[in-house]
Peer 1: 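Pasting in a structure now, in structure tokens, and then I'll have a few things to ask.
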Amino acid sequence: MPVLPIRITGEPVLHAIAEPVVAFDQTLRTLVDDMFETMAEAPGVGLAAPQVGVGLRLFVYNWIDDDEIQWRGVAINPELWLAPTPIGEPDDDEESEGCLSLPGERFALRRSPRVILRATDLDHRTFEIEADGWLARIFQHEYDHLDGTLYSDRLDHARSKAAAKVIRKKGWGVADQSWLPGEDDLEG
Ligand code: ZN
């Protein structure tokens with residue numbers, strides 16, 4: 001199972017609406033296995049297919065919550081319901097988010113505190129998870145990837161300017177850029 005290169009912001013597949021998964025076949029299983037391995041190596045708590053260059057509606061996640069419960073799985077063709085997002089300035093300590101497609105950067109962003117995820121697993125079974133806290137944030141972040149939205153697209157004015165500056169400085173924001181977890185140390 002290879003670790004896949006992770007696309008960096010500017011790559012068109014990251015900014016396009018992904019297509020529904022229709023073939024629940026061995027190719028899909030291999031992709032999901034590779035995505036789990038890539039997420040572990042990165043390391044990250046979530047990874048969406050467009051981030052590895054595949055424009056399909058699925059993501060993987062792996063998160064241990066405050067009660068030491070591990071949430072690990074794949075969400076295929078997900079739907080997401082969001083409780084209202086509280087109005088106000090995000091907290092730079094408590095609400096700082098990162099993305100493997102903007103490696104090494106973090107910016108604070110308000111998210112809904114509670115969501116319901118409904119999706120299909122690899123065996124085409126539907127499941128539903130009611131999530132709050134950081135898991136709810138992960139689901140919103142990964143779901144956004146399937147609609148071509150990065151968290152940097154959702155930042156408030158000041159943080160959006162700061163993110164744009166970083167993207168310019170690092171030479172991102174153009175096509176054909178990626179990094180390989182385990183080889184390129186972009187998180188450091
Ligand atoms: Zn991301």
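Everything numeric in this text was worked out from a predicted model, so none of it was measured. Both counts, for ligands and for their atoms, begin at 1 and track the order of listing.
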Peer 1: Would you list the atom pairs, donor with acceptor, under 3.5 Å between side chains in residues 160-169 and any protein atom, with sequence neighbours excluded?
Peer 2:
none

Peer 1: Strictly under 2.8 Å, how many protein N, O or S atoms lie near the Zn ion (ligand 1)? Waters don't count.
Peer 2: 3
Peer 1: With side chain to side chain donor-acceptor pair (under 3.5 Å) as the rule and sequence neighbours excluded, what pairs involving residues 73-91 come up?
Peer 2: Glu89-Arg159
Peer 1: Does this structure show an ion pair linking Glu95 with Arg111, if we count only N-O contacts that are shorter than 4.0 Å?
Peer 2: no
Peer 1: With the side chain counted from C-beta on, respond yes when Pro5 and Arg7 share a heavy-atom pair under 4.5 Å apart, and no when they do not.
Peer 2: yes
Peer 1: Grab the two heavy atoms, one from Ile116 and one from Glu128, that are nearest each other, plus how far apart they are.
Peer 2: CG2-CG, 3.6 Å
Peer 1: Run through the side-chain heavy atoms of Ile, Leu, Val, Met, Phe, Trp and Tyr, join any pair under 4.5 Å, and report what else lands in Leu80's cluster.
Peer 2: Val45, Phe59, Tyr61, Trp63, Ile69, Trp71, Leu82, Val115, Leu117, Phe127, Ile129, Trp134, Leu135, Ile138, Phe139, Tyr143, Leu146
